[in-house]
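Proteins come first, then strands; the chains are lettered A, B, ... in the order of their sequence lines, and each starts at number 1.
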There are 2 protein chains.
Amino acid sequence: MWSVVRDKEATKAKLLEAGLDEFAEYGIAGARVDRIAAKAGCNKAMIYAYFGSKEGLFDELLKIQIDRMIKSVPITPDDLPGYAGRLFDSYVDQPQLLRLAAYHRLENGFDTVPEAEAVAYQHKIEAIAQAQLDGKLTAAYDAVELLDLVVHMSILAFTTPNASRAMVEKAVRRLIAE
Amino acid sequence: MWSVVRDKEATKAKLLEAGLDEFAEYGIAGARVDRIAAKAGCNKAMIYAYFGSKEGLFDELLKIQIDRMIKSVPITPDDLPGYAGRLFDSYVDQPQLLRLAAYHRLENGFDTVPEAEAVAYQHKIEAIAQAQLDGKLTAAYDAVELLDLVVHMSILAFTTPNASRAMVEKAVRRLIAE
DNA sequence: CGGTATCAACTAACTGGTTGGTTGATACTA
DNA sequence: TAGTATCAACCAACCAGTTAGTTGATACCG
């Protein structure tokens, strides 16, 4: 029989999952390490053994969630309404990432952007700029402005309780109309 | 002679101002009542005498800020780009309200909307609906959707560090273009 | 194969410090 | 003097982080 009780990776995974729920609900300052450990069904000391600190666990968590989002919703520069719609849907499906990111911004300031996010952002800027050069996309905004606007529209999932994907797509369609 | 040392209203005002800074920076869970009292230059017990609790102070604070915002930036249904721009500007001038509101939503859930905000929202909906009936405003969205979109655009002041008023006005102009 | 040394994974209990909130005494004003 | 605004000191609960010690799997040795 394989042991299931003593498994480092499984324990880390359980802590990450419990931490996701806890941090998304209460934020960084409001989260309680005892609650995280209890939810994960393991000892509090494991958090410090594997992640160094409460904030260490949060950072790891956020990084993983961002990576997942970046990979699962790739940008489509020649279909920005669709991109915004898909982003919106994934935010509705997994509201935790948006809450995590919001808490992170509020509590740690605007300049501390996670590495992975900054890199992905740059790639998207370039993709949009290229589409504009190719004439596939309006030149009414510069690439940075346009990406900011499109991403911002998908955030309707967080700010407006009864927003819909259709509403987001329609708005982006109008924003980029020639 | 008027008292300057023992003045109930002055003490409340100082606590409200200190609380504004503290809550905007650290959130509700992260705020420390001792820091608020120290910043206000008065005793911690005053918070409990005048506001009942930490949360009581926060609620009072948020209510005041929302009232001020509602009064200082009235809606102009026949100039929504200008309205969004003015909202944006006031958010840039006083970033604390947006941070307060964000923390409130994150920590207290979406349904607990302050009374004053709900009432003002309803008035704005009606104003927009009327402008639509008068043909002064696009009928491409229903009134609720349209207000949500316009307000949402002004929130760029919070989500996008280098957004500008011009960018917000331009976006709203395109959103409501016939 | 049986015994045991080793080490990573894990735990219960604890620690030093902090927190929201209270209270009894004091100072001020009318 | 009566009423009230203010405060220093205090408290019980809580919290992030530590530690001394336990457990179980596996590698090694005779």
Quick one: do the Y26(B) and D21(B) side chains pair a donor with an acceptor below 3.5 Å?
no

Base of dG21(C) paired with side chain of K54(B) (donor-acceptor, under 3.5 Å):
no

Please round to the nearest 0.5 Å and tell me the distance separating atom OH of Y103(B) and atom CG of L106(A).
4.5 Å

Which part of the nucleic acid does A31(B) contact within heavy-atom distance under 4.0 Å: base, sugar-phosphate only, or nothing?
sugar-phosphate

R32(A) has an atom CZ; how far is it from atom P of dC14(D), in whole Å?
11 Å

By nearest-heavy-atom nucleotide on DNA chain C, the more 5' of A45(B) and Y48(B) is Y48(B)

Whole-Å distance, M46(B) CE to dC7(D) P, equals 7 Å

Between atom CG in D7(A) and atom P in dT11(C), what is the gap in whole Å?
13 Å

If you compare all heavy atoms of Q132(A) against all heavy atoms of L146(A), which two are closest, and at what distance to 0.1 Å?
NE2-CD2, 3.9 Å

Return the 5'-most residue of the pair G52(A), R35(A) with respect to DNA chain D, ranking by each residue's nearest nucleotide.
R35(A)

Could you state the CG-C1' distance from N43(A) to dT19(D), rounded to the nearest angstrom?
11 Å

Can you tell me the distance, in whole Å, between the CD atom of E9(A) and the C1' atom of dC10(C)?
15 Å

May I ask you to say whether E22(A) pairs ionically with K39(A), meaning some side-chain N is under 4.0 Å from a carboxylate O?
yes

Any side-chain heavy atom of F58(A) within less than 4.5 Å of one from L62(A)?
yes

Which listed nucleotide (dA9(C), dT18(D), dT6(D)) is nearest to the side chain of T11(B)?
dT6(D)

Choose from dT11(C), dA16(D), dA9(C) the nucleotide whose nearest atom is closest to any side-chain atom of C42(A).
dT11(C)

Starting at atom CD1 of I36(A), determine the distance to atom C1' of dA16(D), rounded to an integer number of angstrom.
11 Å

Nearest to the K44(A) side chain among dA16(D), dC10(D), dC7(D), which nucleotide is it?
dA16(D)

I47(B) CD1 to dA5(D) P, straight-line distance once rounded to whole Å:
17 Å

Nucleotide dT11(C), atom P - distance to CG of D34(A) in whole Å:
14 Å

